Amino acid sequence: MVPAELAEALADAGRRMDARNWVPGSAGNLSARINDGQIAITRSGVHKGRLTQADIIAVDYAGKALTEGQKPSAETLLHCQLYRLFPPIGAVLHGHSVAATVLSMQGAITFSNFEILKAFGFTTHELDVILPVYENDQDIARLAAWIEPLIIREPPIGYAIAGHGVYAWGASVEHAFWRLEALEFLLQCELERRRSK
Ligand SMILES: [Zn+2]
């Protein structure tokens, strides 16, 4: 079972993501770690701005719903992978903003000298931080297998999928939202910067 406070925190994050236009249509998916064997995640095909507790379901680390008949988000395995590989991660948020979608079609994204990079724990703004971009693939198991060695070798601040959207994470739902907000701010800045060149 998904603890009520965890479901409510995810529903609230969904409403905030919707208010920023990061989850158009039924796009995006949100999750949080319940314990060492279970993850709470949005079910497939629901609007993330109107989540109820019934829309947040429990899956195991292989992405299988713990209640018969429930269908988790199509991208569940990408969430499971992050919890499996990185024990400090408590929540994962994924959205399809305009900036993430457009910029990710142009290859890997480098953020240089932005003050807000400090939101990711860096102590200076004087650095180049790469947001990796992976090719989109409707076969999520294959995509997860492709990503795995790359994020193990060099854990990124988040990652984008080309023409698709962005993944962010944090220790809690609130922390993941902060980091997603910082990442979206960076993407928006970078989009504006390229546009004004
Ligand atoms: Zn997606």
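Order of appearance sets the numbers: ligands from 1, and atoms from 1 within every ligand. Residue numbers run from 1 in the order of the sequence given. Quick caveat: nothing in here was measured; it's all calculated off a predicted structure.
Tested against Pro3, the residues Ile56, Asn35, Ile34 include a single side chain to side chain contact (heavy atoms under 4.5 Å, CB included) partner, Ile34.
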Apply side-chain hydrogen bond (donor to acceptor under 3.5 Å, both in side chains) to the pair Thr42 and Asp55, showing each step before the final yes or no. CA-CA 6 Å; Thr42 43; Asp55 295 327; over 6 Å; no
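Nearest heavy atoms, Leu30 versus Leu10: CD2-O, 3.3 Å.
In this structure, the separation between CZ on Phe111 and CD1 on Ile130 is 10.5 Å, given to the nearest 0.5 Å.
Excluding waters, the set of protein N, O or S atoms lying under 2.8 Å from the Zn ion (ligand 1) comprises Glu75 OE2, His94 NE2, His96 NE2, His164 NE2.
In this structure, the side chains of His94 and Glu75 come closer than 4.5 Å at one or more pairs of heavy atoms.
Within the structure, side chain to side chain donor-acceptor pair (under 3.5 Å) contacts touching residues 77-87 (residues at least two apart or in different chains) are Asn29-His79, Ser31-His79, Ser31-Tyr83, Gln81-Glu148, Arg84-Glu148.
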